[in-house]
Amino acid sequence: MTWILLTGLAIRAVLIAYSSYYDGIARTNGGPTYTDVDYRVVSEAAELVHGGQSPYERRTYRYTPLLSWMLLPNITLDENFGKILFSLADLAIGVSVDRIQRKLRVGRRGGYVSHLLWTLNPVVISISTRGSPESLIGVLVMSTLDLLLHEQYTLSAVFMALSVHYKIYPFIYAPSILAHMWSKTRSFTRMASFSAISLGVFAAVNVAMYRIYGMQFVESTYLYHVGRKDHRHNFTPYFYPTYLNYDVQPDTVSLFSNPVLSLVPQLILSLGLGVVYGGVDLPLAWFLQTYAFVTFNRVCTSQYFLWYIWLLPVVLPSLNLCTKQKVVLPILWLTSQAVWLSIAYRLEFLGQPLFIPLWIAIHEHVHSHIPNSNNQTSVILCIIRLIDNVRFSKTDVINECLDVFN
């Protein structure tokens, strides 16, 4: 696997160097930059911290303060430090993938293919080298999974707490972790110990951040995401109704457009899948939970896809996909994204009124995740089918859901 990691490192290094050159030209000519706008946000937050101020003085900074602390070298050393850090985090995820595959006794050939799927994935590479910090939560999540599978429960509890502190969504893994631990240990004491350590570390870190930054920390890091309404285009079908109702007073908005109520189907699916599959196959449970959470999230951008992509290499070897499925399913996923991006570019940068075509493209993207021969199988139906067929082996059930082109 060493040559894969070195190749991935080399590609990322070239793109980071190229980004500085390209961004200079883009800023001169007034065109779009290679570097993601989020990178500018976190860099400016780090600059505020360096100057003795709160990172939340940067209005759209919605992360833990720890991220701004980690990016202080952006100010003191080099503006590309964060991109280098995120790219190294990509490779650290690859190391966790390798360790998990060894634990699951994945064959050498399957290990290579699935490892390539992450380390040399162009979507993954572009997101990190453009400056998105998602790979840092990936390190925490995959380290937690790695430690759980190796039965290092105390350390995994610490990483679980740090994961939820950094980005709140990993809390959905709690039911699957407890189900997994019960199936392995049959010990309430160990489950209680894991819960207590995780909650204790989470509370300690958050109390420390609260003492420094007060309610700004709580509101920006957690509460903002619970009630978030994003009227900008993204990969969720919620985007267009949100855009139409963004300035409408709350008492005149339909209950179904309430950002908090939209969490209900999302959490029922995510948490329910953890309960059902946690004791059967923990990596599979996490993949299904994350897939459901991202698909039904009220806001979804390209970065969110990483949340389940870094889990895919550890579940893919257990799936007996035919050649057509291996080729066609990724093409469907990538093509639907390409169509969306082309319309979004014309809307965002050329100012063309393409909200309806973009909304249609979003539905096609969601629909393309798991189609069948009748083009009627949605993600919800597939997950329901998975739950209904839990009495079968996990490979048989998933292959039944993915039996698209046979």
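Rounding to the nearest 0.5 angstrom, the gap separating the OH atom in Tyr39 from the CZ atom in Arg130 is 13.0 Å. Once rounded to the nearest 0.5 Å, the distance linking CG of Leu66 with CG of Leu71 reads 11.0 Å. Here OG of Ser143 is found 11.0 Å from CD of Gln152. Values are rounded to the nearest 0.5 Å. Remark: Met70 CE to Leu136 CG distance equals 5.0 Å, nearest 0.5 Å. The CG atom of Leu140 sits 6.0 Å away from atom CG of Leu162, with the distance rounded to the nearest 0.5 Å. Taking CG from Leu85 and CG from Leu67, the interatomic distance works out to 8.5 Å, rounded to the nearest 0.5 Å.
Of all the heavy atoms in Tyr56 and Pro65, the pair that sits closest is OH-CD, 3.1 Å. Across Leu269 and Ala292, no two heavy atoms sit closer than the pair CB-CB, 4.1 Å. Closest approach of Val275 and Ala179 over heavy atoms only: O-CB, 4.3 Å. When all heavy atoms of Met160 and Ala174 are compared, the pair lying nearest together is CE-N, 4.0 Å. The two residues Leu149 and Pro283 come nearest to each other via the heavy atoms CD1-CG, 3.9 Å. The two atoms that bring Ile197 and Thr154 nearest to each other are CD1-CG2, 3.8 Å, heavy atoms only.
Salt bridge absent: Arg58 and Glu47 never bring a charged side-chain N and a carboxylate O closer than 4.0 Å.
Between the side chain of Gln101 and the backbone N or O of Pro313 there is at least one donor-acceptor pair closer than 3.5 Å. Looking only at distances, no side-chain donor or acceptor of Gln289 sits under 3.5 Å from a matching main-chain atom of Leu273. Checked by atom type and distance alone, the side chain of Tyr169 never pairs as donor or acceptor with a backbone atom of Phe293 at under 3.5 Å. The main-chain N or O of Val218 is never found under 3.5 Å from a side-chain atom of Thr221 such that the two would form a donor-acceptor pair. Ser156 places a side-chain N or O within donor-acceptor distance of the main-chain N or O of Tyr153, the cut-off being under 3.5 Å. Asn121 contributes a side-chain N or O that, together with a main-chain N or O of Leu117, makes up a donor-acceptor pair within less than 3.5 Å. For the pair Asp146 (side chain) and Ser96 (backbone), a donor-acceptor distance under 3.5 Å is absent. Under a 3.5 Å cut-off, the side chain of Ser220 and the backbone N or O of Phe217 do not form any donor-acceptor pair. Put simply, the side chain of Ser198 never gets that close to the backbone of Phe194: no donor and acceptor are under 3.5 Å apart.
Note on ring orientation: taking the six-membered ring where Trp is involved, the planes of Trp310 and Trp118 are perpendicular (angle over 60°, cut-offs 30° and 60°). The aromatic rings of Tyr21 and Tyr18 are tilted relative to each other, their planes meeting at an angle between 30° and 60°.
Each of Ser132, Ser19, Ser128 was checked for a side-chain contact (heavy atoms from CB on, under 4.5 Å) with Lys83, and the lone residue meeting it is Ser19. A side-chain contact (heavy atoms from CB on, under 4.5 Å) with Asp90 is found for one member of Ile125, Val124, Thr129, Leu306 and no other, namely Val124.
When side chains are defined from C-beta on, Arg99 counts as touching His150, because their heavy atoms get closer than 4.5 Å. The shortest side-chain heavy-atom distance between Leu48 and Pro55 does not fall under the 4.5 Å cut-off. Side-chain contact between Gln303 and Asp38 is present, with heavy atoms from C-beta onward closer than 4.5 Å. Looking at heavy atoms from C-beta onward, Leu312 lies out of side-chain contact with Tyr291 at the 4.5 angstrom threshold. Here the side chains of Ile137 and Ser163 are in contact, with some heavy-atom distance below 4.5 Å. Side chains of Arg12 and Ile84 form no contact here, defined as non-hydrogen atoms less than 4.5 Å apart. Looking only at side-chain heavy atoms (C-beta outward), Ser54 and Gln216 come within less than 4.5 Å of each other. Side-chain contact check for Thr144 versus Trp286: some heavy-atom pair is nearer than 4.5 Å.
Less than 6.0 angstrom separates the ring centroid of Tyr63 from the ring centroid of Tyr61. Two rings, from Tyr22 and Tyr34, have their centers 6.0 Å or more apart.
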message: Go through it in stages, so that I can follow the logic: the residues are Phe171 and Leu267, the test is side-chain contact (heavy atoms from CB on, under 4.5 Å), and I'd like the CA-CA distance, side-chain angles, deciding distance and then a yes or no.
response: CA-CA 10 Å; Phe171 84 91; Leu267 293 182; 3.7 Å; yes
- prompt: Does the side-chain contact (heavy atoms from CB on, under 4.5 Å) test come out yes or no for Val95 and Leu5, once each step is laid out?
  reply: CA-CA 9 Å; Val95 173; Leu5 292 174; 4.2 Å; yes
task: Give the intermediate values and the outcome of side-chain contact (heavy atoms from CB on, under 4.5 Å) for residues Leu311 and Met142.
output: CA-CA 8 Å; Leu311 290 163; Met142 293 303 288; 3.7 Å; yes
message: Assess the residue pair Arg190 and Lys184 against the criterion (side-chain contact (heavy atoms from CB on, under 4.5 Å)); give the C-alpha distance rounded to whole Å, side-chain angles, the decisive distance to 0.1 Å, and a yes or no.
response: CA-CA 11 Å; Arg190 285 196 175 184; Lys184 292 292 184 181; over 6 Å; no
Tabulate below the donor-acceptor pairs under 3.5 Å that side-chain atoms of residues 206-214 make, not counting sequence neighbours, or state none.
| unit_1 | atom_1 | unit_2 | atom_2 | d |
| --- | --- | --- | --- | --- |
| Asn206 | OD1 | His165 | ND1 | 3.4 |
| Asn206 | OD1 | Tyr222 | OH | 2.7 |
| Asn206 | ND2 | Phe202 | O | 2.6 |
| Tyr213 | OH | Trp69 | NE1 | 3.1 |

